[in-house]
2 protein chains.
Amino acid sequence: MNIECHNIIDNQMSVFSVLNEEEKELLKKNSTCTYYKKNDIIYKEGDKPSGLICLSKGKVKIFKEGVGGREQIVRMAKPVGFIGYRALFAEQNYLASAEAIEDSVICTIEKDTLFKILKTNYELAFSIIRSLASELGFSNNRTVTLTQKHIRGRLAESLLFLKDTYGVEDDNATIKVYLSREDIANLSNMTTSNAIRTLSTFASEKIIALDGRKIKILDFKGLERISELG
Amino acid sequence: MNIECHNIIDNQMSVFSVLNEEEKELLKKNSTCTYYKKNDIIYKEGDKPSGLICLSKGKVKIFKEGVGGREQIVRMAKPVGFIGYRALFAEQNYLASAEAIEDSVICTIEKDTLFKILKTNYELAFSIIRSLASELGFSNNRTVTLTQKHIRGRLAESLLFLKDTYGVEDDNATIKVYLSREDIANLSNMTTSNAIRTLSTFASEKIIALDGRKIKILDFKGLERISELG
DNA sequence: ACATTTGTATGTTTTTTAACATATTTTTAT
DNA sequence: ATAAAAATATGTTAAAAAACATACAAATGT
């Protein structure tokens with residue numbers, strides 16, 4: 001039943017590798033596994049965190065509702081990574097919503113158990129500190145680029161970001177995530193029309209190739225140049 | 001010599017109140033006090049953090065250089081608060097610069113000493129986790145408002161933010177920080193011209209009153225409405 | 001005290017991007 | 001299989017904000 005969750009906790013690469021067997025067992029006993037279909041909401045802005053959510057399989061977008069309900073994607077999660085841990089550790093309700101963009105499996109570690117173990121494991125606490133600090137750096141960067149770069153620069157950066165986050169297919173060029181034009185727009189702070197238009201322009205300039213939702217990067221250096229120039 | 005620093009560590013309200021006398025002494029011994037004049041740079045993007053910087057007196061702006069050197073203020077610090085702790089805990093070089101906007105006093109706690117004490121004090125670690133998590137929430141919020149709100153909304157929000165952060169003078173209306181129009185623009189993601197113009201418009205609408213760098217909020221509710229509408 | 005620089009103010013033009021309109025294609029539901 | 005809905009595509013118009021220009025005031029250095 002909970003195999004997917006147990007794998008995460010046992011994984012040698014995970015932050016839980018610093019725990020002893022007894023602690024790991026305790027975490028496993030106090031965690032639940034949930035399956036989500038594509039487009040399912042995992043949590044909504046305003047909800048109260050009940051535990052540490054870990055993405056075991058799938059892909060998830062984290063987004064905020066802005067002016068007039070306009071959506072801004074603030075993060076894209078991949079396995080194995082935490083979701084919604086910011087609100088949990090800030091002891092706040094969620095300030096963003098999470099939605100599966102592919103069928104996904106998540107493991108939720110019960111809050112009190114986690115905090116109990118956290119008290120005795122400074123290494124675990126350090127890795128959470130490092131994680132939050134890194135994400136804060138990323139967020140501040142995003143603030144600047146989303147406000148200062150022009151449409152082409154913002155879109156180019158988003159494509160590079162998606163490639164960095166999810167990697168590429170076997171052809172070593174096709175970005176390994178299949179977002180709607182609307183999601184690409186919401187990630188890049190532009191309207192859907194402009195995302196579609198600018199993707200088309202990039203394609204006509206042979207910087208990328210489009211095939212439905214597949215985006216193949218043909219000129220990586222060119223894309224980097226567009227992103228840097230703004 | 002180091003009295004200003006010692007005060008911070010001894011302060012009952014500070015995060016260090018959870019430490020015992022011995023630990024506090026150790027921190028004091030390994031911290032240095034530095035005085036900065038208005039417009040002095042405390043650190044620059046790319047510098048390596050040498051310790052935990054605590055603002056004891058004064059006011060400091062944290063900003064990033066964006067496209068074409070355009071400045072974006074990402075945070076405003078007040079006493080008693082930490083500066084540059086994100087980079088320190090992410091184990092990265094600074095991704096932003098810090099500049100005193102008033103004469104300021106800072107206390108730098110040496111890195112290794114801090115981490116040593118952090119290992120044995122989960123409460124201290126927790127308060128850093130909470131701090132980073134809160135600031136990340138703030139940063140994500142800023143990303144959305146700076147990208148989605150229109151000029152009037154962005155400026156209104158900035159004025160409310162400055163009031164929240166630094167409070168008001170004895171008249172209960174004048175914001176207790178005196179920024180240049182350029183800094184207000186760099187905080188609000190707009191050109192200096194537009195900051196000046198929009199401040200003038202607000203003044204003509206009797207929402208604020210201007211007297212040099214003094215900004216007096218006349219219609220708080222009105223300002224909130226403008227900020228919310230975007 | 002004066003020149004020089006820096007900051008503030010405001011009008012005009014141009015660029016960028018959102019908003020709108022309308023096809024066309026693809027997906028989904030029945 | 002077919003209708004309905006959703007997603008994609010592209011052209012046009014309108015609005016927002018940057019860029020530019022210029023004037024004036026205040027602060028600073030000599």
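To find a chain, count down the sequence lines: A is the first, B the second, and so on, and within it residues start at 1. Values below: all heavy atoms of this structure, side chains included; hydrogens, waters and symmetry mates excluded.
With sequence neighbours left out, the side-chain hydrogen bond (donor to acceptor under 3.5 Å, both in side chains) criterion links A:E205 to A:R152. Here B:Y166 pairs with nothing under the side-chain hydrogen bond (donor to acceptor under 3.5 Å, both in side chains) rule; sequence neighbours left out. In this view, A:N141 and B:K64 satisfy the side-chain hydrogen bond (donor to acceptor under 3.5 Å, both in side chains) rule, not counting sequence neighbours.
Applying the salt bridge (Lys or Arg N to Asp or Glu O under 4.0 Å) test to pairs two or more places apart or on separate chains, none has a residue in residues 209-218 of chain B. Legend: salt bridge (Lys or Arg N to Asp or Glu O under 4.0 Å) pairs involving residues 87-98 of chain B, not counting sequence neighbours, sorted by first then second residue: A:R130-B:E91. Pairs of residues two or more places apart, or lying in two chains, that qualify as side-chain hydrogen bond (donor to acceptor under 3.5 Å, both in side chains) and include a residue from residues 98-110 of chain B are B:K59-B:E102, B:E110-B:T113.
In this structure, the side chain of A:S188 does not engage the main chain of A:L155 through any donor-acceptor pair within 3.5 Å.
Read 5' to 3', the first and last nucleotides of DNA chain D with an atom closer than 4.0 Å to a heavy atom of chain A are D:dA7 to D:dT12.
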Which side-chain N or O atoms in residues 66-78 of chain A pair as donor and acceptor under 3.5 Å with protein atoms at least two apart or in another chain?
{"unit_1": "A:R70", "atom_1": "NH2", "unit_2": "A:N189", "atom_2": "OD1", "d": "2.7"}
{"unit_1": "A:E71", "atom_1": "OE2", "unit_2": "A:K61", "atom_2": "NZ", "d": "3.0"}
{"unit_1": "A:E71", "atom_1": "OE2", "unit_2": "A:N186", "atom_2": "ND2", "d": "3.4"}
{"unit_1": "A:Q72", "atom_1": "NE2", "unit_2": "A:N186", "atom_2": "O", "d": "3.1"}
{"unit_1": "A:Q72", "atom_1": "NE2", "unit_2": "A:L187", "atom_2": "O", "d": "3.4"}
{"unit_1": "A:R75", "atom_1": "NE", "unit_2": "A:E135", "atom_2": "OE2", "d": "3.3"}
{"unit_1": "A:R75", "atom_1": "NH2", "unit_2": "A:F82", "atom_2": "O", "d": "2.7"}
{"unit_1": "A:K78", "atom_1": "NZ", "unit_2": "A:T165", "atom_2": "O", "d": "3.1"}

Atom pairs and distances, side-chain donor-acceptor, residues 220-227 of chain B, under 3.5 Å, sequence neighbours left out:
{"unit_1": "B:S227", "atom_1": "OG", "unit_2": "B:K149", "atom_2": "NZ", "d": "3.2"}

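Residues of residues 61-68 of chain A that place a heavy atom closer than 4.0 Å to DNA chain D do not occur.
A:N194 and A:T191 share a side-chain donor-acceptor pair at under 3.5 Å.
Protein atom CG of B:L199 is 11 Å distant from nucleotide atom P of C:dT10, rounded to whole Å. Atom pair B:L210:CG and C:dA9:P shows a separation of 7 Å (rounding to whole Å applied).
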*Would you sort out whether B:L132 and A:F89 count as a side-chain contact (heavy atoms from CB on, under 4.5 Å), showing the intermediate values?*
CA-CA 9 Å; B:L132 285 166; A:F89 291 120; over 6 Å; no
*Could you please spell out the steps behind the side-chain contact (heavy atoms from CB on, under 4.5 Å) verdict for A:T143 and B:S139?*
CA-CA 8 Å; A:T143 301; B:S139 176; 4.1 Å; yes
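The cationic group of B:R142 lies under 6.0 Å from the six-membered ring centre of B:F161 and within 45° of the ring axis, placing it in a cation-pi geometry.
A rotation axis mapping the C1' atoms of four pairs onto the next four is fitted at both ends of the helix from C:dA1-D:dT30 to C:dT30-D:dA1 over five pairs, and the angle between these axes is 50° to 10 degrees.
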*Protein proximity profile, nucleotides 17-30 of chain C - base contact B, sugar-phosphate-only contact S, no contact -, cut-off 4.0 Å on heavy atoms*: SBBB----------
